[in-house]
Amino acid sequence: MNVSGRPMRTIWLAEDGRSVEIIDQRLLPHQLVIARLATLDDAASAVRDMAVRGAPLIGATAAYGIALATATDPSDEGLAHAIEVLAATRPTAVNLRWALERMRQALSPLSERRRHDAAFALAAEIAEEDVAMSRAIGEHGLPLIAAAQQRKKGATGDDRVEILTHCNAGWLAAVDWGTALAPVYRAHEEGIALHVWVDETRPRNQGASLTAWELLQHGVPHTVIADNAGGHLMRHGMVDLCITGSDRVTRNGDVANKIGTYLKALAAHDNGVPFYAALPSSTIDWALDDGDQIPIEERDPREVTHIAGWTETGERVEVRLTPEGSPAANYAFDVTPARLVTGIITERGVCPASREGLLGLFPERRDRGAA
């Protein structure tokens with residue numbers, strides 16, 4: 001995707017070949033800062049403190065974190081320690097554990113002297129696979145936007161598709177292209193008239209800060225709205241479809257995503273607006289029966305009680321929003337039941353949000369059973 005007219009990714013191998021560079025997303029949209037990850041602790045901190053975020057990107061960063069760890073300790077004990085440290089950073093996004101397990105299975109049979117090079121090679125492979133999956137999600141989601149345009153044009157004569165998204169599921173949440181926004185970018189490339197309603201997404205404001213920034217950089221028409229405005233827009237016929245990302249989908253089609261997604265799905269259902277979740281297969285947790293089993297991350301209450309921004313003079317400041325002494329809760333994710341999800345967009349196609357729907361796209365999972 002483009003930044004100031006030039007292609008850019010969220011994570012890449014540094015020129016020294018021994019470290020990794022990322023966009024520090026905590027400073028967007030006001031500063032574009034490249035940070036260097038040189039150690040296991042650097043990678044763990046980047047994930048835990050949300051310098052990188054989004055389920056696919058978390059997985060890629062974790063893979064590189066294992067590679068960085070093998071530089072200093074490629075032993076079995078060192079590998080187990082690195083996996084333990086990274087697994088503890090974010091509990092909800094299943095891509096993290098998917099990437100760590102893939103690294104463990106590939107590296108464990110190798111001798112210690114071969115693990116470092118093999119780890120970097122596999123981490124790069126995981127990153128490239130993520131790009132390919134995101135691009136494919138865009139291809140499979142494109143017809144949904146095109147069909148929405150035809151329906152709207154036939155009914156009203158207006159051919160601009162109004163899409164609502166929540167949080168950030170664009171290229172900043174992946175290595176490139178993204179999940180929910182990949183179909184948007186493809187439709188934009190194809191010349192389909194569209195406009196994106198961007199939920200601000202409290203408390204960390206990933207929509208207002210990240211989604212708006214990347215859409216602006218890529219020239220996609222959009223408007224930032226307060227989190228609670230989506231229902232109003234849908235009720236008044238101002239949204240043609242909703243597309244969000246996901247951090248974990250269970251085998252029955254329940255969708256865990258950023259807190260507030262469930263409310264958007266309820267509003268969409270009540271107003272007859274199609275609601276899609278877009279995600280790579282690495283986000284599907286075949287071991288869980290339903291969304292009640294998904295661990296929901298609870299983050300620092302300070303993210304709710306305080307907010308950071310930039311003054312007119314370019315100074316970053318943090319201010320308190322709530323009364324001193326008022327407690328706050330900070331649930332980072334919620335679960336949208338499959339019954340509210342029109343379909344799931346994956347790199348293999350679009351399917352109903354159900355066990356049979358997912359198995360229709362991934363029949364090899366039927367042969368393996370649940371796991």
Exercise for the section: Could you walk me through whether R115 and T70 pass side chain to side chain donor-acceptor pair (under 3.5 Å), step by step? Expected result: CA-CA 7 Å; R115 284 180 178 174; T70 61; over 6 Å; no
Handout entry: Check: M234 and H269 side chains under 4.5 Å, non-hydrogen atoms
Key = no
Exercise for the section: Answer yes or no: is there a donor N or O on one side and an acceptor on the other, between the side chain of H140 and the main chain of E347, under 3.5 Å? Expected result: yes
Practice task
Using modelled atom types only, decide if a donor and an acceptor are shared between the side chain of N271 and the backbone of V273 within a distance under 3.5 Å.
Solution key: no
Practice task
Would you check if the side chain of T61 reaches a backbone N or O of L57 as a donor-acceptor pair within less than 3.5 Å?
Solution key: yes
Exercise for the section: State whether the side chain of S246 and the backbone N or O of A256 hold a donor-acceptor pair below 3.5 Å, judged by distance alone. Expected result: yes
Problem - Non-hydrogen side-chain atoms of F362 and S281 separated by less than 4.5 Å - result: yes
Exercise for the section: Could you state whether M50 and W171 fall into the same hydrophobic cluster, counting links through intermediate Ile, Leu, Val, Met, Phe, Trp or Tyr residues with side-chain heavy atoms under 4.5 angstrom apart? Expected result: no
Problem - Flag side-chain contact, heavy atom, 4.5 Å: L37 against Y64 - result: no
Practice task
Could you walk me through whether K264 and D199 pass the salt bridge (charged side-chain N to carboxylate O under 4.0 Å, His left out) test, one step at a time?
Solution key: CA-CA 10 Å; K264 300 303 179 297; D199 285 347; 3.5 Å; yes
Handout entry: Closest heavy-atom pair and its distance - A208, V198
Key = N-CG1, 4.4 Å
Practice task
Report yes or no: does D49 contribute a side-chain atom to a donor-acceptor pair with the main-chain N or O of A51 at less than 3.5 Å?
Solution key: no
Practice task
Taking atom CZ of R18 as the centre, report whether more than 12 heavy atoms of other residues, nucleotides or ligands fall under 6.0 Å from it.
Solution key: no
Handout entry: Qualifying side chain to side chain donor-acceptor pair (under 3.5 Å) pairs with a residue from residues 220-240, counting only residues at least two apart or across chains
Key = K152-D240, H195-T223
Problem - Side chains of I163 and V161 in contact at under 4.5 Å (non-hydrogen atoms) - result: yes
Handout entry: Side-chain heavy atoms of R36 within contact of S19, under 4.5 Å
Key = yes
Problem - Ion pair check, E200 and R202, cut-off under 4.0 Å - result: no
Exercise for the section: Run the numbers on S45 and D42 for side chain to side chain donor-acceptor pair (under 3.5 Å), then give the verdict. Expected result: CA-CA 5 Å; S45 295; D42 288 345; 6.0 Å; no
Problem - Residue pairs, two or more places apart or on separate chains, that pass side chain to side chain donor-acceptor pair (under 3.5 Å) and touch residues 173-193 - result: E139-R186, Y185-E214, R186-E189, R186-E190
Practice task
Ignoring hydrogens and angles, tell me if any N or O in the side chain of R53 forms a donor-acceptor pair with the backbone of N168 under 3.5 Å.
Solution key: yes
Practice task
Can you see which heavy atom on L32 is nearest to which on W213, and at what distance?
Solution key: CD1-CH2, 4.3 Å
Side-chain donor-acceptor pairs of residues 293-300 under 3.5 Å, sequence neighbours excluded:
from : atom 1 : to   : atom 2 : distance (Å)
Q293 : OE1    : D289 : N      : 2.6
Q293 : OE1    : D290 : N      : 3.3
E297 : OE1    : R90  : NE     : 2.7
E297 : OE1    : R90  : NH2    : 3.0
E297 : OE2    : R90  : NE     : 3.0
E297 : OE2    : R299 : NH1    : 2.9
R299 : NE     : E303 : OE1    : 3.3
R299 : NE     : E303 : OE2    : 3.0
R299 : NH2    : E303 : OE2    : 3.0
D300 : OD1    : R302 : N      : 2.9

Practice task
Before giving the answer on salt bridge (charged side-chain N to carboxylate O under 4.0 Å, His left out), spell out for R97 and E84 the whole-Å C-alpha distance, their side-chain angles and the decisive distance to 0.1 Å.
Solution key: CA-CA 10 Å; R97 283 152 188 79; E84 181 181 5; over 6 Å; no
Problem - Cationic N near anionic O, under 4.0 Å, E128 to R9 - result: yes
Problem - Other ILVMFWY residues reachable from L340 by side-chain steps of under 4.5 Å - result: Y262, L263, L266
Problem - Exercise: do D41 and T39 side chains pair donor with acceptor under 3.5 Å - result: no
Exercise for the section: Write down the atom of T250, the atom of L358, and the distance for their closest heavy-atom approach. Expected result: O-CD1, 3.7 Å
Completion exercise
Closest heavy-atom pair, A174 versus D130, reported as atoms and distance to 0.1 Å, is CB-OD2, 3.4 Å
Handout entry: Pair W12-V175, side chain to side chain contact (heavy atoms under 4.5 Å, CB included): steps then yes or no
Key = CA-CA 9 Å; W12 59 93; V175 179; over 6 Å; no
Exercise for the section: Kindly state each residue pair satisfying side chain to side chain donor-acceptor pair (under 3.5 Å) with at least one member in residues 333-343, sequence neighbours excluded. Expected result: none
Problem - Side-chain (S108) to main-chain (Q105) donor-acceptor, under 3.5 angstrom - result: no
Exercise for the section: State whether D158 and R160 are salt-bridged, where the test is any N-O pair (Lys NZ or Arg NE/NH1/NH2 against Asp/Glu carboxylate O) under 4.0 Å. Expected result: no
Handout entry: Check: T201 side chain, N205 main-chain N or O, donor-acceptor pair, under 3.5 Å
Key = no
Exercise for the section: Over all heavy atoms of both residues, which pair between G230 and L164 is shortest? Give the atoms and the distance, please. Expected result: CA-CD1, 3.8 Å
Exercise for the section: Would you indicate whether the side-chain heavy atoms of M238 and W197 approach each other to under 4.5 Å? Expected result: yes
Problem - Shared hydrophobic cluster for V94 and I344 (ILVMFWY, side-chain gaps under 4.5 Å) - result: no
Exercise for the section: Examine distances only and state if a side-chain atom of R348 and a backbone atom of L361 form a donor-acceptor pair shorter than 3.5 Å. Expected result: yes
Exercise for the section: Identify whether V52 and V131 are in the same connected component of the hydrophobic contact network (ILVMFWY, side-chain heavy atoms under 4.5 Å). Expected result: yes
Handout entry: Heavy-atom check, side chain of T211 versus side chain of L172, under 4.5 Å
Key = no
Fill in the blank from the handout: Quick note, salt bridge (charged side-chain N to carboxylate O under 4.0 Å, His left out) partners involving residues 101-110, not counting sequence neighbours, are E101-R104, R102-E125, R102-E129
Problem - Side chain T261, main chain K258, donor-acceptor under 3.5 Å - result: yes
Problem - Side-chain heavy atoms of F333 within contact of D247, under 4.5 Å - result: yes
Problem - R248/D254 under side chain to side chain contact (heavy atoms under 4.5 Å, CB included): CA gap, chis, key distance, verdict - result: CA-CA 8 Å; R248 189 182 304 212; D254 289 348; over 6 Å; no
Handout entry: Heavy atoms of other groups near E15 CD, more than 12 under 6.0 Å
Key = no
Practice task
Return the minimal non-hydrogen interatomic distance between A60 and I126, and the atom names on each side.
Solution key: CA-CG2, 4.4 Å
